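Worksheet: the structure to be examined is printed underneath.
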Amino acid sequence: MAAKQSKFLVGALLIVSAVGYLIYTSIQETKVYYFTIDEFLLKKATLANTDVRVAGRVQAGSIQWDPAALNLTFRLMPIEPGTIPVGTIPAGVPVSYQGILPDMFAEGRDVIVEGLYTPEQQLVASTIMTSCPSKYEPEIEERLQAS
Amino acid sequence: MTHLGTLALYLASLLAVYAIVTSLWGVRTRRTAWIASGTQAAYAVGGCVVIASIALLYALLTRDFNVEYVASYSSSTLPLHYTVAAFWGGQKGSLLFWALIHCFFSAIVLFQNRTRNQELMPYVTATLMTIALFFLGLLCFITPPFERLSFIPGEGSDLNPLLQNYWMTIHPPALYLGFISASVPFAFALAALATGKLGDVWIRTTRRWALTSWFFLSLGNLLGGRWAYEVLGWGGYWAWDPVENAAIMPWFTATAYLHSVMIQEKKDMLKVWNMTLVILTFVLTIFGTFLTRSGVISSVHSFTQSGLGPYFLTFLAFILIVSIGLLLYRLPDLKSANEFDSLLSREAAFLFNNLILVGLAFATFWGTIFPILSEWVRGVKITVGPPFFNQVNGPLGVILLFLTGIGPIIAWRRASWSSLRRQFTIPLVVGLVLGGLLFVLGYRNYYAVVIFSLAGFVLAGILAEFSRGTRARQVMLHESPPQALGRLVGKNPRRYGGYIVHVGVVLIFFGVAGALFTIEKQTTVGAEQSFAVGRYTLHYTGITEREDAHIAAQIATVRVLVDGQQIDTMYPEKRFYKKQNQPTTEVDIRPTLVEDLYLVFGSYDEPSGLATFQVFINPLVSWIWIGGLILILGTCVIMAPNPAERQAFALARTPADIRGQAVAE
């Protein structure tokens, strides 16, 4: 009897450890650090060649959009002005993105940019998520994924 | 009307408190009059919530924009059906909607059991009313739906455009029905634990409720996928978004329960496990609601930061403490004398299927809350996205598909080699031949090859079961084939309905595996220019504009050609919802059984006349919806009224009650 039950225990343990192993390795392989733009700017020296997700605001007047090549560049700025000490200007980080513009992407919008921070100090976005600032509105994020 | 609504909510809260107190006090003092009074109060709670709901609907339909909720989620130009949908389109209304359905279900349960399960019912009433009280409390004190503005806006700010879609009007209610009906098995489980009547009466009583809950959870998830596919416009139907995860987690545990409960019915085993799954499913529904409403995790579907988080967490903690406390208290009584016999048995297949399903739920849970966990533990927010979930849940899903082929046909207790040979020869041959064929045909995506072969393996096993049963009836009872098939299913709807559900699941797997072959392309063209995607040539002719009071739209006309022959014309749109000052993308989808052509009108550059398109070729997606329909059909077969089952239940009730008592004493 005991041997019979232990076979089940072994089977169960195998499954449980497989699940655990999958979770552990997949997190190691796919993890992305999430920062607010302020945190990011403080730590960016250590983040070259890292996958990051950064929340910030699209700087007014910084958007350059080439509809033929589907190339977008803009500057991601702190959401609360004045949180970056004076003298560290230009604050923010340049972002480049290749693909279709998210529906609600516009100057002054709060966005979450996911992508790679290159050694050239540029954020190459694979995804830009926009959230709606209206206070009456459910928070909506439009996701667009580059291939 | 709104004053009446507010009043009704306060009254409902008071009545709920009264129902809880009298039910429990009635049991304690053994006074049935108290218990009966508690039941009446529970019905009255429902009545009050109905009045409050009518009041809110009235405010919406009469466009009373002085009510903050009405002004926030509707407008004077919003069509009627979306105005009704606005009832659950926002935070406050959806909580009221939740309370409404919960009270409706509670009333059905109380009515169904007005003469039955008398020992369990006071605890069931108390549990259901505690849950109702939580939502009513939120509605009275935290998010009052009838709150008025200090001014009267001339116009409302409209329902979110993304919600103005027919799938969206039915998807949340379906999901809510699934979430909320999970509270019925939970209430009975707690009642069984509280009374010590741990026999299978509570399980049999709630079998249909567990199925109903599973039915609506499945439906809600499928409709949600369909909505995302048509409305969000990113080319897919499932993104492992936190809110999607919130909806799928209870589905995993509920599916596990529907399987493991059979082991308890057959072998009187896994009692603790089943209790745990019922509790877990309910806890996950509340956790899911918490995820959507607290704003702790940002998502496509979530409501804004609302400060509801702490209340939900407190309620979750309360549920967990009570449930785990009761479970530990009764643990000695839940021991089973039986043991598993062999790894080659249906019990083993079900047990492993359960572990995989709970593993899926856990992995999904872990990935969803990982940002919060990592911030607590290491001070850094680390997120994981779709790649994580695909990497973990993909392989687990494949194992589950394999077990789907084993579980239904392998013998209970211990399968002999001869029975294994009889049952599994055909499916194995079909699966292997299919796999070999795909390999020879040049398919080198091994993931897909494995899934397709397993799909063949499972389907062949199920079809063999149907044909074996039908043939047996033809030979023994001289019935015609259709007659034999109909009676076969009719005599044992639970078994054959289950097989039909499995066919649906296999087709869904098949459709999802199509995503491994997705083609995506983005391109910018001028008017009367063409571009090629896969086997299609798309020819953009230009845009037309359309405008009404509600929406301004730019509609692209795209001709679809294959081998120089025009086969279709597609009209993807870029819409601008005026009230909300928000642009949205309306995709156009050309579905076929082989693949969907999914066309997104990305942007239109006025000065240059250049239009940007994003095109997806999504193979096999239609099979997900077909599989979904079959799954729904199969669940209906299982739930169909079944005289044989009712008789068995009536017979089982008395001895089971006695057995339950004997164990408790």
Side-chain angles (χ1 to χ4, degrees), chain A residues 1-2 4-5 7-8 10-12 14-16 18-27 29-36 39 43 52-53 55 65-70 98-106 112 114 127 129 131-132 134-147, chain B residues 71-73 89-91 157 160 162 232-235 239 295 298-305 339-343 348 351-352 355-356 359 362-363 366-367 370-371 380-385 387-388 391-392 395-396 399 520-522 524 580 582-585 600 602-603 605 608 610 612 614:
Chain A
M1 274 300 183
K4 221 186 279 172
Q5 299 304 295
K7 268 193 292 190
F8 278 86
V10 169
L14 267 177
I15 292 183
V16 170
V19 172
Y21 174 80
L22 273 171
I23 291 178
Y24 178 77
T25 52
S26 304
I27 282 192
E29 285 167 29
T30 64
K31 68 179 175 188
V32 175
Y33 289 96
Y34 182 99
F35 299 107
T36 62
E39 290 165 343
K43 290 186 184 167
V52 289
R53 193 183 252 223
W65 166 240
D66 177 351
L70 299 180
Q98 165 97 47
I100 287 182
L101 281 186
D103 277 335
M104 283 175 294
F105 183 85
I112 297 172
E114 189 173 321
T127 311
M129 286 172 276
S131 55
C132 188
S134 160
K135 76 163 188 163
Y136 280 142
E137 272 313 298
E139 184 164 286
I140 303 148
E141 294 175 356
E142 189 81 352
R143 73 175 57 218
L144 273 185
Q145 272 152 327
S147 45
Chain B
S72 303
Y73 296 103
Q91 168 91 281
S157 56
N160 187 317
L162 292 177
L232 293 185
W234 60 273
S298 55
S299 136
V300 213
H301 318 254
S302 71
F303 297 86
T304 16
Q305 305 256 350
E339 286 194 328
F340 288 115
D341 291 303
S342 161
L343 274 180
L351 188 70
F352 294 136
L355 286 173
I356 295 285
F362 180 74
W366 193 254
F370 200 72
V380 193
K381 235 184 192 173
I382 299 174
T383 62
V384 291
F388 166 79
Q391 265 188 42
V392 179
L396 296 181
I399 302 176
E520 192 248 343
K521 179 168 186 166
Q522 295 181 2
T524 301
Q580 296 237 328
Q582 184 181 322
T584 67
T585 306
V600 186
S603 63
D605 190 49
S608 63
L610 290 175
T612 304
Q614 187 177 27

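From a predicted model like this one, the values you see are computed outputs, not experimental measurements. Throughout, a chain's letter reflects where its sequence line sits, starting with A, and its residues are numbered from 1.
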Worksheet item: Which atom pair, heavy atoms only, marks the closest approach of Thr612(B) to Pro67(A)?
Response: OG1-O, 3.6 Å
Worksheet item: CD/Gln522(B) to CD/Gln98(A) distance, rounded to the nearest 0.5 angstrom?
Response: 7.0 Å
Item to complete: May I ask you to name which of Val19(A), Val16(A), Val32(A), Leu22(A) has the most heavy-atom pairs under 4.5 Å with chain B?
Response: Val32(A)
Practice prompt. Could you tell me the separation between the NZ atom of Lys31(A) and the CZ atom of Phe370(B), rounded to the nearest 0.5 Å?
Written response: 7.5 Å
Fill in: Interchain contact, Leu343(B) with chain A, by part (heavy-atom threshold 4.5 Å)
both
Response to the item:
Heaviest contributor of heavy-atom pairs below 4.5 Å to chain A, chosen from Val384(B), Leu351(B), Thr383(B), is Thr383(B)
Discussion item. Tell me the closest heavy-atom pair linking Leu610(B) and Ala68(A), and the distance in Å.
Written reply: CD1-CB, 3.9 Å
Fill in: Nearest non-hydrogen partners of Ser603(B) and Trp65(A), listed with the distance
OG-CZ2, 4.0 Å
Worksheet item: If you take all heavy atoms of Ala348(B) and Phe8(A), which pair is closest and at what distance?
Response: CB-CE2, 3.6 Å
Discussion item. Could you walk me through whether Ser26(A) and Val392(B) satisfy the side chain to side chain contact (heavy atoms under 4.5 Å, CB included) test, starting with their C-alpha distance in whole Å, then the side-chain angles of each, then the deciding distance to 0.1 Å, before giving a yes or no?
Written reply: CA-CA 7 Å; Ser26(A) 304; Val392(B) 179; 3.3 Å; yes
Worksheet item: So what's closer than 4.5 Å to chain B heavy atoms on Glu29(A): side chain, backbone, both or neither?
Response: side chain
Worksheet, complete the sentence: So, the part of Ile399(B) with a heavy atom under 4.5 Å from chain A: the answer is neither
Worksheet item: Measuring heavy-atom distances to chain B, does Ile15(A) have an atom under 4.5 Å in its side chain, in its backbone, in both, or in neither?
Response: side chain
Fill in: Spacing of Leu396(B) atom CG and Ile23(A) atom CD1 [to the nearest 0.5 Å]
8.0 Å
Discussion item. Just verifying a value: how many Å separate Ile382(B) CD1 and Thr30(A) OG1, rounded to the nearest 0.5 Å?
Written reply: 10.5 Å
